[in-house]
Amino acid sequence: MKDEVTIYADLTEIFREVFGNDEMVLTPALNAKDVAGWDSFKQIEIIVSAEEKFGIKLNTKEIDSLKCVGDLAAVIGRKAA
Amino acid sequence: MMRQLRWLPIDDNFRPRLKALSEAGDDMWSQAMALANTQLDFIRTNALDAAVRTHLADTVPAKLAAKPVRLAVLGSSTLAHLHAGIRVGGLRRNMLVATYENDYGQYLQELMDTGSALHAFAPTAVLFAFDARHLTQGLHAGLQAADVDRLLDEVVARIESCWSLARTHFGCRVIQQLALDVFPPLLGGNEHRLPGSRARFIARLNERLRSLADTYGADLLALDEAVRADGLSTWHDDALWCRSKQEVAPAIAPTYGDLVARLLAAGAGRSYKCLVLDLDNTLWGGVIGDDGLNGIVLGQGSALGEGFVAVQEYAKDLARRGVILAVCSKNDEANALEPFDRHPDMVLKRSDIACFRANWDDKVANIRAIAADLNIGIDSLVFLDDNPFERNLVRERLPMVAVPEVPDDDPALVPRVLADAGYFESLGLTDEDRQRTLQYQENRARAALQASATDLEGYLRSLEMRLIWNRFDAVSQQRVVQLINKTNQFNLTTRRYTDADVAAIMADPRAFGMHMRLLDRFGDNGIIAIVIGRLGEDGALAIDTWLMSCRVLGRQVEAVTLNLVAAQAKALGATRLVGDYIPTAKNGMVRDHYKKLGFDVVCEAEDGSSRAVLDLAYFAPEETFIHVTEGETA
């Protein structure tokens, strides 16, 4: 299990890089509707980056169930060693 | 995941440097180019691409390496995620690439419909990127061999008709992506015994496309080779295909883009030409000046020694196929030469090295001198050195020189890193390529003879020069395009032309393109001059392009060329020759070219450009020591 603080810190890095925005702050409820430009391509960028950063692989079911940042953090928390 | 673009240095300062682009003004493009030459993952690639596109808007940067490229990427699955990598791959090579993507699945309709957005885009190159599922439609494991063969023929014919449509409508380069073998086998190790195997079908299709591309003159994006090197899971993700119909995984897009960009660069004659080698701990282990001939590590008996042999063998094979080798080493020259002459395990000999610089000057100065000596652009050099200080110094002071990073500076890894980087990407081999090193050696022999000859006339006579000229033809086309795009100094107008442009000149009855080959008692200099002429309405033959290799300066080639141009012009019915000089940063040496040949300068503009005219009625060909013949047309 990875602790939540580290996961959010690493995810923040990823989101800032993906959206090119150094001020971006993540909350569990944040989702695609809240962020300009968060389309299906960005979604794939986020997932592939997270997979690489945390050394995990999300399956199709898990990806389909992602609705917000909190969901992503939870999956990572479960899977990352 | 494999380390992508691993030959490029890692930059910890990426985000601030990306931000700084917005304030870089005229320097934006070159700063972005420097960023593109760091190790970028796909997110950084996308970010850099977006920034450059925003800052560039519709402007075209000055001093690009080649004409801007308009590339249409056509296929039937999701390809949008690959465009940023292609454009950044271009940026990495100082090329501006605009890309176009067809509406989903509509490539054939758009190719045929002259009113389509594709036609409005007017591509200068088309990349066909068909996914494997699309190419195997109708195939299944139950089919008989004859049905599978018929299906294969149909797919090949369909692809060929796409190439023809692109050629006919756009007169442009065709690049075909070879199919990814994404299919799990059905039999296993003996899959080839199942006629209807998709995996087998893809392999056969790729082989067919290879030979078809050769006869057709299309170039290949060999993704099958990339997969062989990196593994399928690096290139393709079955789950992502289901999710987004992306056959090439987005994470590998920067590599995909670089593979495309190096083909575009090679097509424009802008691949690297020369590998500059350090010596100590690059070609052998240890320091020759300290360790001596018996102390350096090279050859069988140790893993390290074999690693250095591998470096040398790869370099030697590169030289055999036309890459120039040079040495740049901080050493006393006598020490540096000793292993070449006396070490039994040296694969490289002195004769393999076209330019040898071993001294204590800094490497930046030596690299400049190597480029000058070989008469090639500094931007065509690749510099291999185990010393990070030297690498960074060269990167900083000569950003146009490619300087590969080798993991842990392990010599065993050098050949693959050089290959992965694709510096020397080549679309084929010309005779010149095969003989290049020899040519540089012959030049040295000529210089020695010149030093011994007492007068110029005697020297020229003793060279026994023969010039063979030819109209542009299919055989020489590749070399002609190469020269048109790389010649900077002896080039009156510096107009750059693509393969398609040259083909258009060949087809134009009111124009001629000719190339000259020079031979002498020391060997074949290859094609050393090119002239393109075009007849105007008023009997004036405009010399659109006149360029010459500086290697043959001072050998009466200019006069002979003029004789030939005048004859060609007269044959077309011209009464006079009109030659323009367009100044650039590099072609000052030919400012008075036409005046020296007896033309009258009729106007000179403030920017230094000028126009000169020669009346053919009064022209008498100059006598030279060069024996001229017309070559056989292929």
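Every chain is numbered from 1, with letters handed out A, B, ... down the list of sequences.
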| task | Answer with side chain, backbone, both or neither: which region of A:Ile47 has an atom nearer than 4.5 Å to a non-hydrogen atom of chain B? | result | neither

| With only heavy atoms counted, which part of A:Lys57 is less than 4.5 Å from chain B, the side chain, the backbone, both or neither? | side chain

Take atom [atom1] in [X]; do more than 12 heavy atoms of anything else shown fall under 6.0 Å from it?
{"X": "B:Arg133", "atom1": "CZ", "result": "yes"}
{"X": "A:Glu4", "atom1": "CD", "result": "no"}
{"X": "B:Asn13", "atom1": "CG", "result": "yes"}
{"X": "B:Gln109", "atom1": "CD", "result": "yes"}

| task | Evaluate the side-chain proximity of B:Ser244 to A:Phe41: yes if any heavy-atom separation is below 4.5 Å, no if none is. | result | no

| note | For A:Thr60 and B:Arg243 the tightest heavy-atom approach is O-NH2, 3.4 Å

| message | Please give me the minimum heavy-atom distance between B:Arg15 and A:Asn21, naming the atom from each residue. | response | NH2-N, 3.7 Å

| said: Quick check on B:Leu18 against chain A: is it the side chain, the backbone, both or neither that has a heavy atom closer than 4.5 Å? | reply: neither

| field | OG on A:Ser40 to CD on B:Gln246, rounded to 0.5 Å | value | 8.0 Å

| About how many Å separate CD1 of B:Ile43 and CD of A:Glu52, when rounded to the nearest 0.5 Å? | 8.5 Å

